[in-house]
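Presented below is the structure to which this report refers.
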Amino acid sequence: MPVRDRYAPSPTGALHLGGARTVLFNYLFARKMRGQFVLRIEDTDQKRYDPESLASILEGIRWLGLQWDEGPEVGGPYAPYFQSERLSLYQAAAQRLVEAGHAYYCFCTPKRLEALRKEQERAHLPTRYDGHCRNLDPSELKQRLAAGEPGVVRMRIPDGKTVVDDLLRGRLEFDNSTLDDQVLLKSDGFPTYHLAATVDDHEMAMTHVIRGEEWLPSTPKHVLLYQMLGWDPPTFVHLPLVLGPDRAKLSKRHGAASLLEYREMGYLPEAMNNFLAFLGWSPGTGEELFDLDGLVRAFELEKVQSSPAVFDQAKLDSVNAEHIRRLAPGELSRRLRPFVPDEIGDDLLAQATPLVQTRITKLAEAADLVRFFVERPYDYPEGLVSKGSDAAEAAAVLEEARAVFAAGEPGPGLEAALRQVAEKHGWKAGDLFMALRVAIIGSRQSLPLLESSSILGQDEVLARLDAAIATVAGSTGAAASQKPAIAEDEASP
RNA sequence: GGCCCGUUCGUCUAGUGGCCUAGGACACCGCCCUCUCAAGGCGGAGAUCAGCGGUUCGAAUCCGCUACGGGCUACCA
């Protein structure tokens with residue numbers, strides 16, 4: 001029997017990291033086992049349904065490259081894949097359960113249920129349905145049904161114990177007395193999660209249900225449902241929760257709410273997959289860097305951890321940086337494109353990319369690093385004049401350096417010539433390079449000076465040096481001109 | 001309150017009775033390299049394996065209890 005698993009989101013909010021991790025594990029397992037990965041939309045809550053979140057969930061999964069084999073947009077042999085289009089299936093199942101005595105109609109009003117709950121809370125009792133409608137008189141029931149009185153269908157939890165077999169946690173035994181008579185069919189005719197998921201997982205021939213640990217407490221109800229309907233249950237796998245730094249379940253208040261926000265920040269999908277995979281799983285080999293195919297090859301469901309994992313942004317950053325460094329320069333350029341200003345053309349970006357590659361953690365950081373290619377410095381940070389020197393000397397030094405650039409020395413010769421200039425004036429080479437960096441790039445931290453200058457082009461470099469020389473000279477009073485206030489400050493010790 | 005799950009460096013983890021004086025990665029610190037920033041190389045600090053009690057010749061590994069953390073407790077999923 002081929003493996004079939006699924007991710008079954010409810011379109012009521014964005015795809016979070018925890019959800020993305022669940023998608024990933026389902027995908028990896030299905031691919032590893034050469035089975036099918038199904039996407040099913042659990043839109044059974046009409047009040048909370050949000051079409052935008054549906055679109056963003058699909059987009060997020062696609063961004064990660066975790067294409068589903070069956071589901072929305074691609075269809076499949078078990079269509080439709082939206083639960084709202086499968087209502088008759090759930091209603092028929094509910095009907096069967098009622099007829100077999102495994103479920104019953106309940107006409108309790110929300111008001112009564114709320115009062116009941118309040119009372120139980122006050123008495124420090126477990127909050128559970130009290131079975132008020134469990135044994136309605138058959139003729140009365142017929143009457144109320146005929147009268148169209150609104151009601152729900154509830155599961156009749158039998159006495160005894162229910163065993164849940166979880167792939168990661170082993171055999172778990174639940175006392176049925178702690179289980180609630182769960183609502184299966186709501187008064188609007190829609191099923192609750194418990195009924196819909198059970199019916200669909202069976203109808204869609206799921207062999208594995210891989211979901212978050214928050215579902216573990218309701219799994220005995222699902223097992224019971226399988227028994228009542230005479231179906232074989234799938235293998236249950238409850239993944240450990242993904243926690244925020246405060247050790248509570250990851251949520252919006254821990255930062256980025258949506259997976260797609262990570263795309264905007266410049267994380268690579270392959271890095272997200274790599275990072276997410278290691279949240280609760282490890283190949284045990286010490287290898288840490290994987291692309292999607294590598295993950296598929298190495299993945300083993302049995303090796304998934306059963307204790308929760310704390311999301312660590314610093315680790316994500318490091319994984320992302322690592323993946324950025326592994327990209328071929330051409331590919332990196334393509335990825336960088338949306339993050340870099342349009343004024344920087346494709347050719348320029350391609351030239352700058354190798355310089356940027358080891359200096360960014362996220363794609364979005366590239367923008368600040370390459371901006372100087374199209375923006376002349378309008379302000380000089382400290383550094384034009386080296387320590388222990390003065391403006392007049394600095395101007396002279398820069399002037400000589402300018403001559404070196406003007407002579408158009410080729411690569412290695414250029415650097416050597418500049419070092420000679422520094423030496424002649426008793427400057428440390430580093431101070432000269434810093435002065436040039438400030439003059440040409442406008443920052444004390446930058447891409448490598450000489451490579452950047454060569455990309456910038458001789459004319460542009462000379463123009464920038466002239467402007468810097470004028471500023472330095474101006475601050476001595478030798479050349480009266482408008483100069484940035486900041487340069488004046490630096491010139492005076 | 002009830003039910004359930006979990007507990008190895010700050011974080012992700014390796015580890016399935018002796019190979020562990022507990023290994024790796026990230027983060028952190030130092031050194032080297034170096035035109036800045038990175039990258040890279042080398043090194044360092046960091047875990048009495050939650051605690052206690054058992055089982056055993058021997059326990060991070062098996063069992064029990066306690067503590068702590070978390071999840072669930074809707075006509076939400």
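Letters go in sequence order (proteins before strands), and every chain restarts at 1. Only heavy atoms go into these numbers, but all of them, side chains included; no hydrogens, no water, no symmetry mates.
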Kindly assign one of parallel, tilted or perpendicular to the pair [X] and [Y], based on the angle between their ring planes and the thresholds 30° and 60°.
| X | Y | value |
| --- | --- | --- |
| A:Phe290 | A:Trp281 | perpendicular |
| A:Phe236 | A:Tyr226 | perpendicular |
| A:Tyr262 | A:Tyr267 | tilted |

Taking A:Leu279's backbone N and O only, do any of them form a donor-acceptor pair with A:Arg21's side chain (distance below 3.5 Å, no angle check)?
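It does hold such a pair.
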Within the side chain of A:Gln357, is there an N or O that forms a donor-acceptor pair under 3.5 Å with the backbone of A:Ile324?
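Flag set: sc A:Gln357 to bb A:Ile324 pair under 3.5 Å.
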To the nearest angstrom, how far is [X] atom [atom1] from [N] atom [atom2]?
| X | N | atom1 | atom2 | value |
| --- | --- | --- | --- | --- |
| A:Glu365 | B:C37 | CD | P | 17 Å |
| A:Ile324 | B:A38 | CD1 | P | 16 Å |
| A:Arg154 | B:A74 | CZ | P | 10 Å |
| A:Arg169 | B:U7 | CZ | C1' | 13 Å |
| A:Lys161 | B:C3 | NZ | P | 12 Å |
| A:Asn274 | B:U13 | CG | P | 13 Å |
| A:Gln120 | B:C3 | CD | C1' | 14 Å |
| A:Lys249 | B:A77 | NZ | P | 14 Å |

Are [X] and [N] close enough that a side-chain N or O sits under 4.0 Å from OP1 or OP2?
| X | N | result |
| --- | --- | --- |
| A:Lys47 | B:C76 | yes |
| A:Gln305 | B:A14 | yes |
| A:Lys303 | B:A14 | no |
| A:Arg444 | B:C35 | no |
| A:Thr127 | B:A74 | yes |
| A:Arg419 | B:C35 | yes |
| A:Lys221 | B:U73 | no |
| A:Arg117 | B:C75 | yes |
| A:Ser318 | B:A25 | no |

Here's a test of your reading of the structure: between A:Thr109 and A:Leu125, which maps to the more 5' nucleotide of RNA chain B?
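This one resolves to A:Leu125.
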Select from A:Leu241 and A:Pro191 the residue whose nearest nucleotide in RNA chain B is closer to the 5' end of that strand.
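Nearer the 5' end of the strand: A:Leu241.
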Regarding [X], tell me which of base, sugar-phosphate or nothing describes its non-hydrogen contacts under 4.0 Å with the strands shown.
| X | value |
| --- | --- |
| A:Pro150 | nothing |
| A:Arg128 | nothing |
| A:Ile360 | nothing |
| A:Tyr193 | base |
| A:Val310 | sugar-phosphate |
| A:Ala314 | sugar-phosphate |
| A:Phe174 | sugar-phosphate |
| A:Cys108 | base |
| A:Pro308 | sugar-phosphate |
| A:Thr44 | sugar-phosphate |
| A:Leu279 | sugar-phosphate |
| A:Ser446 | base |
| A:Thr12 | nothing |
| A:Ser306 | sugar-phosphate |

Closest to side chain of [X], choosing from [options]:
| X | options | result |
| --- | --- | --- |
| A:His194 | B:A77, B:G10, B:U13 | B:A77 |
| A:Asp45 | B:C76, B:A77, B:G1 | B:C76 |
| A:Arg247 | B:C35, B:G69, B:C5 | B:G69 |
| A:Glu288 | B:C75, B:G24, B:U36 | B:G24 |
| A:Pro126 | B:G2, B:C37, B:G40 | B:G2 |
| A:Glu322 | B:G40, B:U36, B:C35 | B:G40 |

Side chains of [X] and [Y]: is there a donor and an acceptor less than 3.5 Å apart?
| X | Y | value |
| --- | --- | --- |
| A:Ser177 | A:Arg128 | no |
| A:Arg117 | A:Thr127 | no |
| A:Asp43 | A:Ser84 | yes |
| A:Gln445 | A:Ser443 | no |

Considering every strand shown, what is the Watson-Crick or G-U wobble mate of [N] when both distances are under 3.5 Å?
| N | answer |
| --- | --- |
| B:C35 | none |
| B:G46 | none |
| B:C26 | B:G10 |
| B:G1 | B:U73 |
| B:U21 | none |

With a 3.5 Å cut-off and heavy atoms only, can you find an N or O donor on one side and an acceptor on the other between the side chain of [X] and the base of [N]?
| X | N | result |
| --- | --- | --- |
| A:Lys315 | B:A25 | yes |
| A:Gln46 | B:C76 | no |
| A:Thr358 | B:A38 | yes |

Among A:Arg112, A:Lys118, A:Lys111, salt bridge (charged side-chain N to carboxylate O under 4.0 Å, His left out) partner for A:Glu114:
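Running salt bridge (charged side-chain N to carboxylate O under 4.0 Å, His left out) over A:Arg112, A:Lys118, A:Lys111 with A:Glu114 returns exactly one hit, A:Lys118.
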Rounded to whole angstrom, note down the C1' distance from B:A50 over to B:U8.
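Looking at atom C1' only, B:A50 and B:U8 are 10 Å apart.
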Rounded to whole angstrom, note down the P distance from B:C20 over to B:C33.
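About 35 Å, rounded to a whole number of Å.
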